[in-house]
Amino acid sequence: MSDKAMSRETMDAREEMLNAALSSDASVSVDCIKKGPDELDCNTDEAFAAAEMVKESIRAEKEGYDAIVIYCFSDVGIDAIRENVRIPVIGPGEVSLAAASMLCSRFTVLTSESINIPRTYRRLMRNGIAREKMVSVRALDIPIGELRSSPKVTEEYLRAVCKKAVEEDRADGIILGCLSMAGYGRWIENELPVKVIDPAFIAVAYAEMSVRTGLVHTQAMYPAFTNNSHVEL
């Protein structure tokens with residue numbers, strides 16, 4: 001589930017890409033919110049998107065989907081969504097930080113533009129793993145909407161930023177902190193002594209594992225939303 005501006009052609013390409021992380025008897029369906037922001041570039045965008053993501057998640061569960069992956073590193077609306085559905089709800093940011101805690105001693109998170117660094121840093125500092133092991137947040141300085149329009153340019157910027165993270169921050173891990181970077185880090189591990197954590201692929205694989213093993217939030221932790229406040233769902 002992603003923001004509003006993604007075309008059906010782009011969503012189909014994402015489905016094909018992400019299915020590579022799943023077993024042969026599982027598949028992923030990519031869809032966007034119908035209203036709200038075109039892109040998730042700031043806290044205001046996230047606030048308006050969250051309500052629509054809750055509605056789309058309720059619809060997805062009713063249509064028979066087994067799990068929901070929020071296609072945004074910010075895990076937009078994750079707690080509210082979990083109050084409204086009983087299937088696994090996966091946040092790429094959450095699972096990527098968990099992976100980094102196991103595999104890295106010092107990691108850097110990459111974001112799209114420098115303007116996002118304070119927002120990303122502020123959010124991640126609420127997470128104990130990031131407080132312990134995150135050494136920097138760095139930006140490619142490419143707008144989200146352009147990350148996939150010129151792959152070679154994105155790869156060049158990514159190479160340069162990762163090199164700085166290793167040399168200046170002594171990072172041994174890189175988290176691709178925008179899901180529009182999905183797949184771009186494959187070759188970094190061949191060039192630099194780092195582990196690249198790609199949230200898009202980790203999240204969908206974790207979603208399949210959660211379904212297979214029954215790993216899902218409980219009502220004790222996320223009581224079902226009863227709508228006593230009379231919001232529009």
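Sequential numbering from 1 along the given sequence is applied to the chain's residues.
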Which residue pairs pass the side-chain hydrogen bond (donor to acceptor under 3.5 Å, both in side chains) test when at least one of the two sits in [range], sequence neighbours left out?
| range | value |
| --- | --- |
| residues 173-185 | none |
| residues 144-160 | R159-E191 |
| residues 120-138 | T108-S136, S136-D169, R138-E168, R138-D169 |

Could you list the residues that satisfy salt bridge (charged side-chain N to carboxylate O under 4.0 Å, His left out) with [X], not counting sequence neighbours?
| X | value |
| --- | --- |
| E63 | R59 |
| E9 | none |
| E15 | R8 |

Where the side chain of [X] meets the backbone of [Y], is there a donor-acceptor pair that is under 3.5 Å apart?
| X | Y | answer |
| --- | --- | --- |
| D141 | S114 | yes |
| R82 | V216 | no |
| R186 | G183 | yes |
| H217 | E83 | no |

Q. Would you find more than 12 non-hydrogen atoms of other residues, nucleotides or ligands less than 6.0 Å from E16 atom CD?
A.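 Result for CD/E16: open.
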Q. Between K34 and E52, does at least one N-O distance fall below 4.0 Å, as a salt bridge requires?
A. no
